[in-house]
Protein chains: 2
Amino acid sequence: MPHVTPPATQLIEALRGAVGDAHVLVEDDMRAPFEIDWTRRWSGRAAAVVQPGTTEAVAAVLRACGDHDVAVVPQGGNTGLVGAGVPRGGPADGSERREQVVLSMTRLVGLDDVDAASMQVSAGAGVTLGALQVHARAAGLDAGVDFGARDSATLGALVACDAGGIRALRHGTVRARVAGLEAVLADGQVVRRMSGLLKDNAGYDLPALLTGSEGTLGVITRVRWRLVPRHDARALALIPLPGLADAAPLLRAVRPRLASLDACEFLTDDGLGLVLEHLGVPAPVEPRAPAYVLLEAAATADPLPDLADALEAAGIEDAVIADDSASRERLWRLRESHTEAISAAGVPHKLDVGVPLDALAPFCDAVRDAMPAGARTIVFGHLGDGNVHVNVLGPDPADGSVDETVLRLVAEHGGTISAEHGVGVAKARFLHLTRSDAEIAAMGAIKAALDPRGILNPGAVISERTAAG
Amino acid sequence: MPHVTPPATQLIEALRGAVGDAHVLVEDDMRAPFEIDWTRRWSGRAAAVVQPGTTEAVAAVLRACGDHDVAVVPQGGNTGLVGAGVPRGGPADGSERREQVVLSMTRLVGLDDVDAASMQVSAGAGVTLGALQVHARAAGLDAGVDFGARDSATLGALVACDAGGIRALRHGTVRARVAGLEAVLADGQVVRRMSGLLKDNAGYDLPALLTGSEGTLGVITRVRWRLVPRHDARALALIPLPGLADAAPLLRAVRPRLASLDACEFLTDDGLGLVLEHLGVPAPVEPRAPAYVLLEAAATADPLPDLADALEAAGIEDAVIADDSASRERLWRLRESHTEAISAAGVPHKLDVGVPLDALAPFCDAVRDAMPAGARTIVFGHLGDGNVHVNVLGPDPADGSVDETVLRLVAEHGGTISAEHGVGVAKARFLHLTRSDAEIAAMGAIKAALDPRGILNPGAVISERTAAG
């Protein structure tokens, strides 16, 4: 009898041919860290984890997976929160799924010299945000994006989900940083727009379409990143407020007077209390207040006088000001430790959403009111972007009704079901709440046009039911 | 015998039903101004010109045209240079064309109040850039985009071609100004993302795809525009240089030292000579030099000291400085009168292209060398963006080989065949010079997905041969 190679083995051989034997992980314990997200809410089984080191190897992986009709799940630093970067759930969900391959991009770490004239730099998709920040600062510039997971999150993934963070108010989301991309399309063809031309409107802007498409239309392999001026002089104010409803008017009064405004965050006393307890530190202000706004100004020269003037003009008499780096770090830590402190208190429902500024306080009130008795609802986020991080402790983490209730309230308040974390698989079935049928149909048509076999990150963004229809 | 209405009459009746009798222009003399572009190089015949006043009327026009299999050519202020906004050539080109309807967007002029907290404003597609600038400045902000045709060019068309202009160096192209769009797709469905949420990554970014698609994927009806801080304090320097090759090193030296850099333009003495003659004004500097750079700094406080420091650090000893508005205007006029002065000297071949900064001088030399004997080649443009406006006087305006030669040189120098004017019908057949087959195939797939009947601006961006293939 002739020896017949089983299909799975053929796939593994093809992947080894694409990236080299050492970079195809097939053993359970080797694959495991790539098969579950850091919140431990999303996991699935992959036939293999592949770690290509070049764009050509990425293309070869996509061709191999296409040949074998295997789904590809691109993964960066695996810091995502919506299940977009790990394999889809296994047989437990009752569906017959195709094999999945995790395409880990962390070996693509080439980082070119900064070009001072264009203020741009070319970087591999696997470069971490933290590495880019250090590199940019050494050249007298700044990455223009920042958030807590900076040392794990990779640039390709940041672009793929159009990440936001705490500097978006001034510099925009990651989309604004993309001066060009290189990517591999579903059929293994490479598209490349990396010359960083500031003006280049020759044809549809494929980089703009790929940005925010969460690996469903192509796999980003390199990024041409637009840097921003470095602002080393910073001043931070923590402003206690009688209620969250006072936050929007504060921003409205301050913003036109403070060109150096660099971040504007909000927290409530519920969240601050958890953080203080978790860190074991004293409150930054006494008496405590129901809500707080953190305002940071940054410039090349000391922005403190401008910040003080803007606060005075806004009628703020009571604020904690931090103008040295140690005290700024102490205040920022209170904001940035929210996620950690909440996780320490239990497994929360976590929802990243956005609402128009004036709807922010009413939305947060409505969420609190809608949660079941005994639930603890903690909201915080980026006031300037209307970006609310909703955390609900108490209800069973598997209870889908909590997420749905929150997202329906988002829709009622004119918001978006995803602000900066992406849709992923977590929210694909809720996309219709804030996108019209016409928009979803257009997205589905684009997906079918660029990935007719549906091998790229199936189930993310566009729900599989929509894609099939 | 029963009375049979001819198809053209049925179309006109349907259009009248969509926008009202008074807004369907069918007489030759009424249609004429909409059927030819201002350079008089592009023209064609339309069955009618329709002027809808609402988004719903635009949708009704698209449905009517779809029902009758008639092509739609969206038009803004008709200031374009690549034939994208006027009907395609008539029977003279030998092809059997479908009927065409010009969809004039200039009645959509609603302009909302500026929202200070988000620094955004919602505007109809027919609002001119000049009207937006006045409106923004009255609110203490700025439109963030500027160019010569400001009082005719409309926002919808600016977005449709991702226009650039003289402030893109600092603020990016129009793409960076788009916080949201409302548009009508080919099937008459309206997609709307106008809440202006800074962070909103729920699904593919259709506004980002529509931006720069030149009316081939949808008709933009409203824009949510992101404003920028107003910088009233300005200082301008005209720097004579021994050659164009000295321009890039100058920018490279100045840019990291001058955060307030707002524009960086280049001209050559050929062009300046034409302008001085045309305007009848004296030279701004003696002796004249082969090339010049215009550097403008803008800030809330006087940027002159910073500009002077940056020039000194760059080793520039000789510059004309303008720090009052009258002298600034005089210098800017020398730059902005180029188009007019060149047109006064003849009918030029005009090509808007982009090349990487270091390739700019070699590219301009190569173009001059490649032109036929007796041709007068004048280059000028936006140094900071690598954006060159090539003008060639002498060769027959109908001689297509001139354009092709220039665009091939662009490709050889790693550039783009269109920087800020768009592809239109003028350059669709050259798209392959700087876009790969994979990219063009992806664009074609997207076009077919969103406009399967090909009624939206056929022949623009994607050549009809590609679309048919």
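As the structure is a computational prediction, the values presented were derived from the model and not from experiment. We name chains A, B, ... by the order of the sequence lines, and we start the count at 1 in each one.
- There is no contact between V254(A) and chain B, counting heavy-atom distances below 4.5 Å.
- Both the backbone and the side chain of R252(A) have a heavy atom closer than 4.5 Å to some heavy atom of chain B.
- For H421(B), the part lying near chain A is the backbone, with the side chain staying farther off; criterion is any non-hydrogen pair under 4.5 Å.
- L357(B) CG to S118(A) OG: the interatomic distance, rounded to the nearest 0.5 Å, is 8.0 Å.
- Contact detail for R255(B) and A117(A): the closest heavy-atom pair is NH1-O, 2.8 Å.
- When S195(B), A449(B), A202(B), A445(B) are compared by the number of non-hydrogen pairs under 4.5 Å with chain A, A202(B) comes out ahead.
- Of the atoms belonging to R226(A), not a single heavy atom falls under 4.5 Å from chain B.
- Nearest heavy atom pair, residue G165(A) against residue K199(B), reads O-NZ, 2.7 Å.
- The greatest number of non-hydrogen atom pairs below 4.5 Å with chain A, out of V461(B), L251(B), D205(B), is found for D205(B).
- Of the residues considered (I446(B), L431(B), T416(B)), T416(B) shows the highest number of contacts with chain A, using heavy-atom pairs under 4.5 Å.
- Per-residue heavy-atom pair counts under 4.5 Å with chain B were compared for P356(A), G386(A), G203(A), P256(A), and the maximum is reached by G203(A).
- The two residues L197(B) and G354(A) have their closest heavy-atom pair at CD1-O, 4.1 Å.
- Residue with the most contacts toward chain A among L217(B), D115(B), L169(B), V355(B): L217(B) (heavy-atom pairs, distance under 4.5 Å).
- Atom CG in L209(B) sits 11.0 Å away from atom CE in M443(A) (nearest 0.5 Å).
- Heavy-atom pairs under 4.5 Å with chain A were tallied for G414(B), A259(B), G422(B); the largest tally goes to G422(B).
- Panel note: side chain N201(B), backbone C161(A); a donor-acceptor pair is recorded below 3.5 Å.
- Contacts with chain B were tallied for H382(A), R192(A), E420(A); E420(A) has the most, counting heavy-atom pairs under 4.5 Å.
- Taken to the nearest 0.5 Å, the CG atom of D306(A) stands 7.5 Å off from the OG1 atom of T300(B).
- Distance check, rounded to the nearest 0.5 Å: OH of Y204(B) to CG of L210(A) gives 10.0 Å.
- Here CG of D385(B) is found 11.5 Å from CG of D200(A). Values are rounded to the nearest 0.5 Å.
- When E214(A), R193(A), K427(A) are compared by the number of non-hydrogen pairs under 4.5 Å with chain B, R193(A) comes out ahead.
- In this structure, A168(A) and L198(B) approach most closely via the heavy-atom pair O-CD2, 3.3 Å.
- Interatomic distance, CG of L206(B) versus CZ of R435(A), reported as 8.0 Å (0.5 Å rounding).
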